[in-house]
Chemist: 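Next up is a structure, given as structure tokens.
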Number of protein chains: 2
Amino acid sequence: MAQTPLAQDEFRPASTAGEARRLQILDIAARHFRTRGYAAVSMRDIATEAGMRTPSLYYHFPSKDDLVIAVMDRGIAVVRETVAAALDALPPDAGAKPRLVTALRAHLHALHSLSDYTSANVRIFGQLPEALRRANLPERRAYQAIWSELLAPTCAAEQSRLPERVAIFIGAMNATLEWVDPARTDLEALADHLAQVLLDRLLEDVGA
Amino acid sequence: MAQTPLAQDEFRPASTAGEARRLQILDIAARHFRTRGYAAVSMRDIATEAGMRTPSLYYHFPSKDDLVIAVMDRGIAVVRETVAAALDALPPDAGAKPRLVTALRAHLHALHSLSDYTSANVRIFGQLPEALRRANLPERRAYQAIWSELLAPTCAAEQSRLPERVAIFIGAMNATLEWVDPARTDLEALADHLAQVLLDRLLEDVGA
DNA sequence: GTCTATAGGGAGATAGAC
DNA sequence: GTCTATCTCCCTATAGAC
């Protein structure tokens with residue numbers, strides 16, 4: 001939802017004034033993409049909220065494609081850095097399950113309350129023309145690598161299923177964006193619930 | 001992917017010739033929405049593939065909104081009827097887990113190989129303006145009711161978590177649309193994998 | 001850096017002939 | 001039922017002054 005200036009600056013010190021303007025435009029674009037989708041947001045919408053006319057945007061970004069690619073790449077970068085930082089804060093001997101729960105919490109935090117970039121990415125990835133989706137794939141693959149490592153211990157004997165399991169986990173976490181109440185306060189409870197579903201056995205009786 | 005005429009007619013006998021034309025247009029629209037998203041598909045695209053000019057479409061549907069609502073509602077109706085039929089085919093004394101696995105398989109089947117309507121619904125729901133999304137909610141709630149019943153036994157002492165758990169399950173199943181290889185032949189294996197992740201314990205050691 | 005003016009195209013939709 | 005012709009609107013993007 002709302003990004004605190006702190007949460008934003010954490011990931012990118014804006015040195016020059018020109019750079020600050022560029023980041024301001026990106027912030028506005030990410031927020032609009034997140035709430036209204038890709039095609040529904042026009043360059044005019046973004047310009048208006050930035051207090052300028054449409055053509056002025058083209059001084060900062062050569063095209064709408066370039067703007068949306070910048071938003072998409074930052075979206076993955078933020079969640080990757082958030083998850084990596086949370087994992088680094090764990091004791092070095094932490095087991096597979098606490099590491100998974102920690103990563104899951106960090107991912108949901110980035111997605112739901114930290115970054116409009118991450119939620120915009122999840123929201124509009126499927127709406128982009130194929131060329132723009134492809135541009136985001138390197139970032140996505142780098143993030144998936146983290147979850148490959150986290151989930152490897154759960155695929156003990158069958159590492160061939162690992163890529164699909166990574167996709168199931170990331171897909172399940174991202175899907176919470178579509179139905180969770182935006183006014184929800186207890187993100188911790190959602191994370192715990194998701195961890196329970198994905199990591200624990202839900203039923204005792206396994207017979208027919 | 002491809003819909004067999006059989007799979008389509010199963011859910012709607014087209015009595016008159018006019019009705020058949022209407023259904024043909026809906027089929028084309030669903031297939032395009034499924035592959036290219038909502039905003040990217042124009043009335044012209046649909047008309048061209050139906051072998052007519054754009055204005056002729058407006059004889060069958062008063063607006064693009066009406067057309068897309070018809071596709072969306074059918075998308076949920078198909079998956080609901082598919083899952084309900086699969087559950088009805090089970091022995092009456094089937095336990096909670098086999099019922100869940102059966103429903104999960106039927107859902108993935110409708111989503112991945114039976115119906116362009118269901119996959120279009122999942123794909124474009126998040127792209128629609130709020131008014132169109134709201135129009136699809138009654139259908140969605142009717143479908144969620146099935147999963148509420150299926151998942152109730154997994155929420156033994158805490159039925160308050162049931163709605164969220166329903167959303168987690170449906171979200172996780174639907175998320176497979178975004179990353180699964182369209183040429184994938186072994187849908188059974190995907191369903192089994194998803195069932196394992198959602199229903200079984202993935203890790204033995206639960207310590208820190 | 002931002003502006004006014006505008007090009008150029010595609011969208012949804014309507015009028016009215018056939 | 002389908003057509004041609006057209007309206008209106010909004011989009012991305014560019015030209016060129018300031």
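Chain letters run A, B, ... following the sequence lines, proteins first, then strands; residues in each count from 1. Everything numeric here is computed off the predicted structure, so don't read it as measured data.
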Chemist: Measure from the side chain of B/Lys64, starting at C-beta and using heavy atoms only, and say which of C/dT2, C/dT4, C/dG12 lies closest.
Modeler: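 Ranking C/dT2, C/dT4, C/dG12 by closest atom to the B/Lys64 side chain puts C/dG12 first.
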Chemist: Out of D/dG1, C/dA11, C/dT2, which has the shortest distance to the side chain of B/Tyr59?
Modeler: D/dG1
Chemist: Answer yes or no: are there more than 12 heavy-atom neighbours, outside A/Gln196 itself, under 6.0 Å from its atom CD?
Modeler: yes
Chemist: Between D/dT12 atom C1' and A/Asp45 atom CG, what is the distance in whole Å?
Modeler: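 So the CG-C1' distance, A/Asp45 to D/dT12, works out to 13 Å.
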Chemist: Using the closest heavy atom to pick a nucleotide of DNA chain D for each, name whichever of A/Pro62 or A/Ser42 lands nearer the 5' end.
Modeler: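 Nearest nucleotide further toward 5': that of A/Ser42.
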Chemist: Applying the side chain to side chain contact (heavy atoms under 4.5 Å, CB included) criterion to B/Leu151, which one of B/Arg165, B/Arg99, B/Arg161 satisfies it?
Modeler: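 Answer to the side chain to side chain contact (heavy atoms under 4.5 Å, CB included) test with B/Leu151 among B/Arg165, B/Arg99, B/Arg161: B/Arg165.
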Chemist: Could you check whether B/Ser63 gets within reach of a base, just the sugar-phosphate, or nothing at all, counting any heavy atom under 4.0 Å?
Modeler: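 Sugar-phosphate contact only - B/Ser63 comes under 4.0 Å of backbone atoms but never of a base.
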Chemist: Cationic tip of B/Arg140 within the cone over B/Phe125's six-membered ring, i.e. under 6.0 Å and within 45° of the normal?
Modeler: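 The answer is yes; both the distance and angle limits are met.
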Chemist: Of the candidate nucleotides D/dC11, D/dT2, C/dT4, which contains the atom at the shortest distance from the side chain of A/Arg53?
Modeler: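 Nearest nucleotide to the side chain: C/dT4.
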Chemist: Measure CG/B/Leu57 against C1'/D/dG1 and give the value in whole Å, please.
Modeler: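 Going from CG in B/Leu57 over to C1' in D/dG1 covers 12 Å.
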Chemist: Expressed as a whole number of angstroms, how long is the span from B/Gln24:CD to D/dG1:C1'?
Modeler: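 One finds 13 Å between C1' of D/dG1 and CD of B/Gln24, rounded.
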Chemist: Nearest to the side chain of A/Pro55, which nucleotide is it out of D/dC3, C/dC3, C/dA13?
Modeler: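 In terms of side-chain proximity for A/Pro55, the closest of D/dC3, C/dC3, C/dA13 is C/dC3.
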Chemist: Please report the distance, rounded to the nearest Å, between CZ in B/Arg36 and P in C/dA11.
Modeler: 9 Å
Chemist: As a test of understanding, state which of A/Leu100, A/Thr102, A/Leu108, A/Val101 forms a side chain to side chain contact (heavy atoms under 4.5 Å, CB included) with A/Leu104.
Modeler: A/Leu108
Chemist: Any idea which of C/dT2, D/dT14, C/dG12 is nearest the A/Tyr58 side chain?
Modeler: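 When the side chain of A/Tyr58 is considered, D/dT14 is the closest of C/dT2, D/dT14, C/dG12.
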Chemist: Does a nitrogen or oxygen in the side chain of A/Ser56 sit under 4.0 Å from OP1 or OP2 of C/dC3?
Modeler: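 Yes, because at least one side-chain N or O of A/Ser56 sits under 4.0 Å from OP1 or OP2 of C/dC3.
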